[in-house]
Visitor: 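There's a structure below that I have some questions on.
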There are 4 protein chains.
Amino acid sequence: MNREDKKRLTRQNVLNAAIELFAEQSYEATTITQITERAGIAKGTFFNYFANKEDLICDIQVIWAVEEVRRIKEQPGLLIPHIRYLIMQIDKFHASRQLMLAVNQGIISSPKAIRNQLEQIDELVKALTEVIEEGQRRGEFTSSLPAAMICEIAIQTYLGTRLYWSMGRGDSNLGTQMVVTFELFFKSIMA
Amino acid sequence: MNREDKKRLTRQNVLNAAIELFAEQSYEATTITQITERAGIAKGTFFNYFANKEDLICDIQVIWAVEEVRRIKEQPGLLIPHIRYLIMQIDKFHASRQLMLAVNQGIISSPKAIRNQLEQIDELVKALTEVIEEGQRRGEFTSSLPAAMICEIAIQTYLGTRLYWSMGRGDSNLGTQMVVTFELFFKSIMA
Amino acid sequence: MNREDKKRLTRQNVLNAAIELFAEQSYEATTITQITERAGIAKGTFFNYFANKEDLICDIQVIWAVEEVRRIKEQPGLLIPHIRYLIMQIDKFHASRQLMLAVNQGIISSPKAIRNQLEQIDELVKALTEVIEEGQRRGEFTSSLPAAMICEIAIQTYLGTRLYWSMGRGDSNLGTQMVVTFELFFKSIMA
Amino acid sequence: MNREDKKRLTRQNVLNAAIELFAEQSYEATTITQITERAGIAKGTFFNYFANKEDLICDIQVIWAVEEVRRIKEQPGLLIPHIRYLIMQIDKFHASRQLMLAVNQGIISSPKAIRNQLEQIDELVKALTEVIEEGQRRGEFTSSLPAAMICEIAIQTYLGTRLYWSMGRGDSNLGTQMVVTFELFFKSIMA
DNA sequence: GATGAATGAGCCTTCATTCAT
DNA sequence: AATGAATGAAGGCTCATTCAT
């Protein structure tokens with residue numbers, strides 16, 4: 001293993017330790033000391049990889065599957081099934097409510113974290129809007145609302161469900177809760 | 001002005017100062033020292049009114065208009081207009097994104113704050129579920145979904161819109177963003 | 001009940017409340033607020049009766065039965081039985097270890113408390129020395145040591161037993177522990 | 001000087017500063033800020049070495065010479081001279097009354113400190129009881145009392161003398177006071 | 001690049017005491 | 001004489017960050 005690989009490994013170690021701790025306690029309650037202890041490195045080493053805790057949360061943020069969204073509009077036939085399938089994938093994270101709560105805490109914890117989060121949302125909006133426009137073109141989605149607005153509401157719905165679930169409500173499985181919620185959403189945007 | 005009134009005034013002073021500061025900076029970044037300085041009282045006085053910062057946020061939390069929701073189901077005719085009207089009232093808070101962000105930070109900042117928030121949601125759920133059941137009885141809302149589930153999704157939608165907006169996206173006016181979002185939601189639950 | 005009586009009653013109320021709290025927690029841990037709450041008076045009222053907490057402990061200090069000691073030397077015959085009887089009276093306080101610990105904490109907690117304690121010890125020393133001198137005159141106690149020294153050691157023995165017991169060791173009953181200890185002591189000073 | 005040595009040095013610096021301050025004022029009156037200032041370190045550094053002030057006193061506690069006591073019972077001939085010699089060693093600490101008072105305050109200041117103290121007493125009791133049993137076997141000490149009880153009273157005597165002396169009474173030298181006191185004690189337990 | 005002891009600003013909180021009512 | 005809201009000094013303690021090794 002060369003030097004570059006080792007660095008990557010250490011960095012991932014730190015991220016994993018942080019995720020675990022965020023899930024066990026919370027974003028705010030987790031200290032850098034705890035993270036480095038669990039990652040098995042010295043405190044000082046942390047700062048060779050991340051400028052500060054804020055930086056860390058930016059790296060952890062739940063992946064918005066932008067790439068997958070982009071590919072949807074290439075699919076023939078109805079688009080909704082593909083979107084539904086994507087939503088079901090959320091299960092795969094096996095995220096605990098605690099972790100999701102920590103993520104929610106993290107993304108609104110600081111201006112920088114918010115900015116970072118908004119950038120990611122921007123990209124998602126772009127990709128998703130195109131999908132919805134395609135759906136409107138194909139007559140699958142209503143054209144009575146601008147695609148951008150539908151997209152925005154979709155993301156709001158996603159965020160709301162995630163927040164609600166992370167607070168300890170809804171189905172024990174986040175994926176299920178998402179799917180149910182989006183069934184209703186789909187109904188409202190179908191042509 | 002008697003003692004009792006003076007107490008009430010001081011308490012409100014503290015709350016106002018806190019709200020201002022939360023809006024300017026954030027929940028986490030605001031210190032008790034800052035709050036008392038702005039409220040023009042001694043630091044110790046704060047603790048005569050609130051056990052800690054956590055306690056404070058519980059008092060600030062945006063009021064869920066539970067009472068108003070309860071009254072809706074007594075109304076004759078269509079219910080949606082009344083609900084829509086209630087949603088439009090959110091404007092009245094003239095809340096800034098910053099403040100709403102602080103509220104969002106506050107309610108997920110600690111187990112206690114979450115518990116408090118859940119209690120409030122519980123009450124709202126109870127009231128709103130009855131409204132939706134009434135709507136289903138009247139044939140205004142779809143009966144293909146349990147009222148409780150519809151209610152849950154409504155709250156998710158509300159939370160999601162609030163979170164999204166507080167992060168700096170959506171219409172400049174929270175009320176407008178809410179109304180638009182709920183139009184779509186209504187569409188999905190109409191019979 | 002006249003004003004004077006009422007004052008005495010309030011004062012005693014405060015003392016009782018303080019003793020209870022010292023016994024439950026400790027001298028240091030007990031706050032004036034707790035004392036006034038239990039005594040059912042306002043915080044400010046406390047300062048009408050005591051200048052501060054230090055003052056309070058001086059009033060609580062376990063009574064050294066100086067008067068009883070003085071009377072012993074008037075008794076005919078052997079003196080030890082009378083002393084032994086006095087020691088057995090300690091039972092009567094029904095003091096808990098906790099309370100005794102609080103008393104021990106109290107008497108060494110501040111220069112003023114120590115000074116007060118020393119004054120009381122001084123008086124006891126004077127009274128007890130006379131008893132011992134009388135015992136030496138009667139040939140009951142050894143004359144190989146000065147009465148003052150024997151007296152000093154007796155008090156040390158008393159203090160040590162009290163401290164040891166208050167820390168949770170020795171017989172469950174303080175009186176028993178005292179009697180046993182002093183039996184040995186008597187043996188050492190008998191002629 | 002390597003890192004490890006430096007740490008040891010800093011730790012000892014802190015302890016020395018604390019002992020000095022305890023002796024000058026008292027355990028309770030001494031603040032961590034004062035300790036760190038005198039030790040010439042930052043306040044935060046204190047907490048790298050001790051979890052809190054309570055922890056500190058546990059380290060300072062006057063050494064009970066358990067090891068030395070254990071060795072006594074191996075000695076041939078009379079045991080009392082060896083015990084007497086040990087007691088005389090107390091001089092060596094050159095402890096001031098103030099410091100001893102601080103120690104006394106410290107050991108009964110908190111449940112944790114008491115527990116720690118009791119553990120040390122326990123060990124001493126074990127060691128000392130064996131010595132006394134040996135003395136009883138050799139016919140040096142009275143067998144009319146269980147060794148454990150004699151041992152207990154010895155410790156009470158020690159504690160009482162220490163407390164009495166620390167309050168400002170007795171011979172100016174603690175060692176002298178101890179020796180005198182124990183002469184009487186020995187007399188009471190000799191066969 | 002890794003280490004971890006040292007830092008120190010600044011946090012929350014306590015509580016004896018005051019004083020206007 | 002009683003009240004209790006206001007005070008504010010002072011306490012213990014946290015923790016991100018630095019830097020010499």
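Worth knowing before you read on, the calculation uses all heavy atoms, side chains too, and leaves out hydrogens, waters and symmetry mates.
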Visitor: Under a 3.5 Å cutoff, is there a donor and acceptor pairing between the side chains of D/Asn16 and D/Gln12?
Guide: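 Indeed, the side chains of D/Asn16 and D/Gln12 share at least one donor-acceptor pair under 3.5 Å.
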Visitor: Does the salt bridge (Lys or Arg N to Asp or Glu O under 4.0 Å) test come out yes or no for B/Arg38 and B/Glu24, once each step is laid out?
Guide: CA-CA 13 Å; B/Arg38 181 159 309 192; B/Glu24 288 171 22; 2.7 Å; yes
Visitor: If you look at every strand shown and take non-hydrogen atoms under 4.0 Å, does A/Phe50 touch a base, only sugar-phosphate, or nothing?
Guide: nothing
Visitor: So does A/Tyr49 get a backbone contact from the side chain of A/Lys7, meaning a donor-acceptor N/O pair under 3.5 Å?
Guide: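 Absent.
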Visitor: Any donor-acceptor pair under 3.5 Å linking the side-chain atoms of C/Gln98 with those of C/Gln25?
Guide: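 The criterion, which ignores hydrogens and geometry beyond distance, is not satisfied for C/Gln98 and C/Gln25.
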Visitor: Using a 3.5 Å distance criterion without hydrogens, assess whether the side chain of C/Lys43 forms a donor-acceptor pair with backbone atoms of C/Gln34.
Guide: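 Checking the backbone N and O of C/Gln34 against the side chain of C/Lys43, no donor-acceptor pair under 3.5 Å is found.
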Visitor: How far does CG of D/Leu99 sit from CG of D/Leu21, to the nearest 0.5 angstrom?
Guide: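 It comes to 11.0 Å.
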Visitor: Produce a footprint string for nucleotides 7-13 of chain F: one letter per nucleotide, 5' end first; B if the base is under 4.0 Å from any protein heavy atom, S if only the sugar-phosphate is, - if neither.
Guide: BB--SSB
Visitor: Would you give the length of the straight line joining atom CD1 of A/Ile57 to atom CD1 of A/Ile107, rounded to the nearest 0.5 angstrom?
Guide: 9.0 Å
Visitor: At the 4.0 Å heavy-atom cut-off to chain B, mark where contacts on DNA chain E begin and end, going 5' to 3'.
Guide: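 The footprint of chain B covers E/dC11 to E/dA20.
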Visitor: With B/Phe46 as reference, evaluate B/Ile32, B/Asn52, B/Thr10, B/Thr33 under the side chain to side chain contact (heavy atoms under 4.5 Å, CB included) test and give the passing residue.
Guide: B/Ile32
Visitor: Take B/Arg169 and A/Asp122 through the salt bridge (Lys or Arg N to Asp or Glu O under 4.0 Å) test and state the conclusion after the steps.
Guide: CA-CA 10 Å; B/Arg169 301 206 47 140; A/Asp122 263 338; 2.4 Å; yes
Visitor: Can a donor-acceptor pair be found between the side chains of A/Gln120 and A/Asn116 at a distance below 3.5 Å?
Guide: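 Checked: A/Gln120/A/Asn116 side chains pair up, N/O donor to acceptor below 3.5 Å.
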Visitor: Using Watson-Crick or G-U wobble pairs with both distances under 3.5 Å, give me DNA chain E in dot-bracket, 5' to 3', with [ ] for crossers and | for pairs to another strand.
Guide: .||||||||||||||||||||
